[in-house]
Amino acid sequence: MVVQCACAFRNMDPACQQRNSAVKMSGSATVAQRRHIGLQQLEAIAATTHGFLSPNKRPKFIQDEDSRDAVLVSSCSRLLERIELDGSVGQLLHETVQAQQKVFHSGTGTLVFLAGVWSRVALECLNRGITVLDIKTTMRKGLEVCLEVCKQSAISVEELKEHKPTSAFKSETQDTKGLSQKLRLTLKHSRHFNSHDAQTENPQTALNDLTRIAQAVSHGCDSSMRLVLKACKMQHKNVQNKSLDNQKLATCLIPSLSEEKSNVLHGFVTLLSVEQASVVRHLQGQALNIVLVNGDLCEKYRHVGFNRSGNVVYVTDRANMSSMSLEERWIEDASRKLNEFSINVVLVSGMASVKLKDRVLGANVLIIEGVKTSVLKEFSTCTGAVLISYITQIEESCVGQGVTLSPLRDFSEGDLVVVSIVTASMSLVTAVICSSVSAKLQSLEDQFWSCAYRLHHVFADGRVLRGAGTTELFCIQQLHRTKQTEMENPQEGVVLELMAEAWMDYVSTLMLNSGSVASKAEAWTAIAHQMRLHTKGEAISLGVDGVGVYDNVTVKSEAWRRALDLVFLVLQSDTEIITGVSEGENVYRELMYL
C-alpha cells in the first residue's frame, strides 16, 4: 500500500498522543513557546517512536487523511517514511535514519530515541545558562566516556559459544548433521577462531556455535533468524562461501499464506502474473538465454549523467513512419533485438514498459522488473551476461546462458504464481516470507534483513556488547564516576548528570516495553537498585535479558554518534537563527557546517 501522507496515529500510548501535536512542523503553539524550536521539534518527533524500542514493538497504524488508507509500521525508518515532515528538522532526522538503515539495517530505534532525549538535555542546559560551546564540549566528552565503556565491556565472539540455544533454535542444529566440512569456514575466518581450533572441531560443533551466536543477536525475532540460518546453510551447500553473504540474499513476499510456510529457496524467487505463468510453463525445464538491464526498460529512460545533445535533427530512412510514435518504434526495435538473440528472460532493475511486456509475452519472453542490482550481478557472474543500460545495446557478448525456470506450486495459490529462476552454479538464495496478514509482510521482511545484518556484523566486529540495557547501565555508572572527578568547568558535572538521566530514560523505556516492569517509576527504582548493588561489587543484571541478549558494537556506537551529531547540528542551527554568528567570535569556532 502506498500512502502519500500520514497524519493520524493509532494504538499510541497517551504520552505519545500528547506529544504528537508537535510532529506537524509548522505553527505548533506548543513548540513555539520557547526559542530553540528545532530541539523541541526533534524531541517531539522522537517521542512518537518510543514504542519501537525493544523486541516487543508496538506497531502503529498511519492513516492518510485524504484517501483514508492506512499502513502498519513497526520501525522508525518506516514511520519517518510515512509521516508528513514539512520542516528541516524532520527531514534531517529522516536522512540520518536512512543513512543508518542503509548501512546497518538496525539501530534506528536507538538513534531516534537518543536524538530526542539528548535534545532535551541540550534544552535543559540552555535553560540553566550553560553556553553552547560548553554543552557541545561536555556532551561530546560524555559520548566518548560511553564509547570507552563499550570498548572495555565488549566480549569476544568466542565467549558466545557458552550461550545455549533455546528450543526455538534446537531444530536448526539437529537438522544439519550431514552438513559439509565447508561449514567450518563460517567461524574459522573470524580472527577469534584460530586455525587449529577450526581443524579439530567437527561441522556440527561449528554449526552449534553459529546457532548460539545467531540467537544471541536475534532480538526476539526467532522465526526471521531461523530463515537467516537456513540461508547460511544453503549458501555453504552450493558453493564454498566463507560466511553468510548478504549480497547474495533476496526476499520474496507472498500474501495470503500462513507464516509457517516461510522458507529459503535456491535461486531468485519472484511473483508473476497469471499471463506470465503461462510463459513459465512453456519454458519450464529448458536452458534459456537471459539479458540483464540496469535501469528502467522504457523508451524515455536515460542513464544517470546522460546529457541530451542540442541542435540535433533526427531523420529516418524509413518510409511512411509518420503514424508511428517514438515509443512504438522503440518497442519494435526492442522486440526485434530480443528475437534476434533468442532471449527468453529479461531482468530489469527498474520499471519496464507495460506495452513492451505485453508485446513480447506472446513470443514467450518473460520480463521481470524491480530486481535488485546485487541479484543482477549474481546472474551476470553465473551466466556470463553483461549488464546493459538499454535494450537496444544487446549483442551476442551481452547474452547470458544456462538459466532455468521452475514454478513453485507449494507457494502458488489463486492468482498468485511463484517461480524460481536459477543456474547450476548460483549461490543466490531467496527468503520466501509469507503472512496471511498483508500489512505484516513489510515488517517481517525488515526483521529478516535486520537479523541477517546483525549476524554479519557480529563476525565483522569480532565482538559483541551485552544487550537489554546492560551496556547502558555501565554508561550511567561511568558518567557518575566521571562527574565526581575534579573538573575545570563546574558546568560539566551538570551536563554529565543530565546525560546519565537520559540513559536512565532509555533503559527504563526498554524495560517498560519489554514487560519486565509495570511503569517507568518501577523501572527507575530497579535501575537505582542495580547501581547500588554494583558499587558493592555485584554484577549488573536487569533480569530482562533471558538466555542472553547481545548487540553489535559498530551498530550501537554509530547510532550513538549519529544521534549526537544530529542534536549538535540542530542546536547550532537554532543558535545561528536566534543570535546570529559574528566573525571572530571564539564561541562559534567549532560549529559544524553542512
Side-chain ([X]) to main-chain ([Y]) donor-acceptor, under 3.5 angstrom:
{"X": "K261", "Y": "V432", "result": "no"}
{"X": "S435", "Y": "V437", "result": "yes"}
{"X": "N552", "Y": "T554", "result": "no"}
{"X": "S519", "Y": "E522", "result": "yes"}
{"X": "Q478", "Y": "V149", "result": "no"}
{"X": "Q442", "Y": "V73", "result": "no"}

Show me the donor-acceptor pairs within less than 3.5 Å that the side chains of residues 490-502 make with the rest of the protein, sequence neighbours left out.
from : atom 1 : to   : atom 2 : distance (Å)
E492 : OE1    : K141 : NZ     : 3.2
E497 : OE1    : K483 : NZ     : 2.7

Point to revise | Criterion salt bridge (charged side-chain N to carboxylate O under 4.0 Å, His left out) on R120 and E124, from CA distance to verdict | key: CA-CA 6 Å; R120 190 168 70 237; E124 182 61 29; over 6 Å; no

For the atom pair [atom1] ([X]) and [atom2] ([Y]), what is the distance rounded to the nearest 0.5 Å?
{"X": "K233", "Y": "T211", "atom1": "NZ", "atom2": "OG1", "result": "9.0 Å"}
{"X": "E558", "Y": "L147", "atom1": "CD", "atom2": "CG", "result": "9.0 Å"}
{"X": "T138", "Y": "I135", "atom1": "OG1", "atom2": "CD1", "result": "8.5 Å"}

**Study point:** Geometric class of the H456/Y453 ring pair [parallel <30°, tilted 30-60°, perpendicular >60°]
**Key:** perpendicular

Review point. Side chain to side chain donor-acceptor pair (under 3.5 Å) with N489: which of T137, T131, D134?
Key: D134

Just to verify, what does [X] make a side chain to side chain donor-acceptor pair (under 3.5 Å) with, not counting sequence neighbours?
{"X": "D551", "result": "H219, K556"}
{"X": "S75", "result": "S77"}
{"X": "T96", "result": "none"}

Validation: residues 103-111 side-chain donor-acceptor distances under 3.5 Å, sequence neighbours left out:
from : atom 1 : to   : atom 2 : distance (Å)
T110 : OG1    : Y506 : OH     : 3.1

Practice item. Output every pair passing ring pair (Phe, Tyr, Trp, His ring centres under 6.0 Å) with a member in residues 123-149, not counting sequence neighbours, ordered by first then second residue. Key: none

Practice item. Evaluate salt bridge (charged side-chain N to carboxylate O under 4.0 Å, His left out) for D446 paired with K440, printing each intermediate quantity in order. Key: CA-CA 10 Å; D446 290 343; K440 288 183 61 178; over 6 Å; no

Exercise for review: Would you please indicate if the ring centroids of W560 and W503 are separated by under 6.0 Å?
Suggested key: yes

